[in-house]
Amino acid sequence: MNDVCNTAAIFRQGNTNCGGCGMSITLQMLRRAVGANPVHLVIPACCGAVAGGTFPQSTYGVPTIMSTFASAAAVASGLASVASLNGEGTRVIVLAGDGGTFDIGFATLSAAAERNEDILFLCYDNEIYGNTGGQRSSATPQGAVTSNTLEGKLEQKKDILAVMAAHRIPYAASVSLAHAEDTQKKFAHAVAQKGFRFLHVLSPCPTGWKSEPALGLELVRLAVRSGLWPVYEIFDGKRYTVSIEPDFSDEALGLYLSLQRRFQKSGLTAADLRPAIERNWQSLRALSGRIIPGKRESREG
Amino acid sequence: MSSQLLSANHAAALATTLAARANRKGKGFVSGVYPITPSTECMEYLCNQKIEKGRVVRVESEHSAMGVCIGGAAAGARSFTATSSNGLAYMVENCIAAANLRLPVVMVVANRTLGPPWNIWADQGDALLLRDAGLIQFYCASNQEVFDTVLSAFRLAEDGRVMMPVMVNMEGFILSHNVAPVEIPQQGLVDDFLPLTDIPHRLETVPHTLGQVELPHQNECHRFQHHTAMLAAAAIYDDIRAQFEPIFGRALQGALVPYRCDDAETLIVSMGTMGITAERVVDDMRAAGARVGSLRLRLFRPLPVDAIRAVFAGKKRIAILDRNIGLGLGGVLWSDTRALADPGAVVQNYLTGLGGGDVRPEHIAKIVADIAAREISGAPMLMEAV
Ligand SMILES: Cc1ncc(C[n+]2csc(CCOP(=O)(O)OP(=O)(O)O)c2C)c(N)n1
Ligand code: SF4
Ligand SMILES: [Mg+2]
């Protein structure tokens, strides 16, 4: 029976996800990182819950429970408690959308992080409520049109990694699916590490982003190149490491915007986004101690 | 067996502790807890117990408290939580999930008025929010009953034929904070009474998915299965009672507690501690020659329809007391049971003790006098307003 669990895909073929969905890619990458570890998966309401398909067949190749929208981290805490009480070594993984992470699931997530539960919380961030047809979330970037912000969202995206870092959890990282090696390294670390781990994946969503399905990974690459999606790790809430250096080109940023129709209406340009990107990176540089060594902490710190 | 002076909150927590320890050779015990008056002392007591192979997770909300129980039970552990009033309202979504997922979580509710406006006193309206949600519901009337019912709730919830949450209710303060002697069994006896928790659909190593999308026909089949299992739970509870007595040396109260009903013409029907007060009134009135009896429902879901009908048979006047109000209709106990009386019987609803009002013998005597003067049933009546 163990073999069934340990060698099959986490996310089987024939599922109902849209073509080019970043969550599908995320789950394929996760499979490799999980290796022979026994896994229990928790999925709150989101596209991932629908992707499971209808009873009794399931897309998920590991034991999985669907939780209520706000409860993933709490349900995972229960599962992780039993695993630990019984010395089972099961890795409990949450797969949640941005809604179940940034919004309705936020208090639950924060509390589980504060308790340092032995959970890997993986947020696939498509920057929208995909399941309910594309409404804004607090992860939706400024300027993006959604079904309930028709002129483009006015507010900025919540900086969730900063919030998670403030919980001083053992490991938090942002992930670029366009950089497979880096992703694999982070997934492997996050699966193996004990305590609360948080992974934030920019997850292309052709349906919500109004983009070509085949361009998903290219869009992620552009977001990384331009500096819009900083890819970095935070250890224990204080040691920051930048994983991928952007070239900060306006070309990349302009392409990123123009290849998605969600940014058309607001007429957002590269120049509009540049100041916020610069501010972000200034603080990231300071925190990672790479450009402003004066504030550097010792690694052993 | 030892006798301890305990509040019902502490009695519930101690019963849970013994049940938790009884699963030490199984998958253990996992509980999520969050404080709210008048249930707080239950979770505090539990948090201070040593439970080998047990974990009580101090979460940030009732919603998560039940979330933790869902995760714990989904992984095969015994699980428990306690709450009250707005805490229960906040937890509702996950109570429904636990029920639908057929997870045998045991919960204790110290019944309290929902707010705001804030009122911390007894009212059964909180638990009745979940009347139709697929959780078995008991209502208790003494600390010993709370202890015994919680212990047997684990047995009932985890029975393979039942497999669903069980809610044990006690009125806030009236029971939750009232201290009384409670007979406490040795751990060994509890071990004999409670088999190791075995949840057949728990997550193990074989891939399967709990709670995924269901098509309409699958959903109706699952819900009807759940309904059928709940209906069968009343008889299974009687089996459990038959095993309780030889192990613990005292009887476990049944689904219904009829008191001097056989030759009664007038019946006082209630749930919770009002039933004990009603029994005193019955004794007094019987002494004066009135043919009055009391029926206390301990099991409200599944509703023991046939057993209630059998007690109602031949009764001319039935006074149904509700410490709750289903706004827009009347008392919930009344609306659920009034059709079980003989045709032509006067069935009158009395809303009494709402928002924690004290229901004293003189109130119940007044109710009996009121119904004695009636030729036909009227609209639900608010007693304090009379
Ligand atoms: C309590 C509750 N409120 C609302 C919903 C409806 N709902 C289901 S999924 C969803 C949005 C999910 O968004 P996200 O977490 O970003 O995942 P995605 O659908 O984008 O994959 C909403 C609003 C729900 N299931 N439960
Ligand atoms: S709506 Fe977006 S996130 Fe949901 S399945 Fe489609 S592409 Fe994936
Ligand atoms: Mg989303």
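Letters go in sequence order (proteins before strands), and every chain restarts at 1.
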Provide the closest heavy-atom pair for [X] versus [Y] in the form atom of the first, atom of the second, distance.
X	Y	value
A:R115	B:V57	NE-CG1, 3.4 Å
B:G71	A:L79	O-CD2, 3.4 Å
B:Q218	A:F55	NE2-O, 2.5 Å
B:G72	A:V82	O-CG2, 3.6 Å

Original post:
With no hydrogens and no angle check, is any side-chain donor or acceptor of B:H208 less than 3.5 Å from a backbone partner on A:T64?
Top reply: no
Original post:
Is there a side-chain contact between A:Y60 and B:Q212 (heavy atoms, below 4.5 Å)?
Top reply: no
Original post:
Would you call B:L101 and A:M66 a side-chain contact if the rule is heavy atoms closer than 4.5 Å?
Top reply: no
Leading residue by heavy atom contact count with chain B [cutoff under 4.5 Å; candidates [options]]:
options	value
A:P56, A:A70, A:S81, A:A73	A:S81
A:V50, A:V42, A:T68	A:T68
A:S84, A:S110, A:G78	A:G78
A:A49, A:G52, A:A107	A:A107

**OP:** State, without any angle test, whether B:H63 and A:S71 hold a side-chain donor-acceptor pair at a distance under 3.5 Å.
**Re:** yes
Side chain, backbone, both or neither: which part of [X] has a non-hydrogen atom closer than 4.5 Å to chain A?
X	result
B:A74	both
B:E93	both
B:T209	both
B:V59	both

Subject >> chain B contact via A:T54 - side chain, backbone, both or neither, heavy atoms under 4.5 Å >> reply: both
**OP:** Give, as side chain, backbone, both or neither, the part of A:E114 having an atom under 4.5 angstrom from any heavy atom of chain B.
**Re:** neither
Subject >> Greater than 12 external heavy atoms within 6.0 Å of A:F235's CZ >> reply: yes
**OP:** Inspect the surroundings of CZ in B:R24 and state if more than 12 heavy atoms from other residues, nucleotides or ligands are less than 6.0 Å away.
**Re:** yes
Original post:
Does A:E117 pair with B:R55 as a salt bridge, N-O distance under 4.0 Å?
Top reply: yes
Subject >> Interatomic distance, B:N23 atom CG to A:L85 atom CG [nearest 0.5 angstrom] >> reply: 10.5 Å
**OP:** Among the options B:K27, B:E214, B:R202, pick out the one with the most heavy-atom pairs lying under 4.5 Å from chain A.
**Re:** B:K27
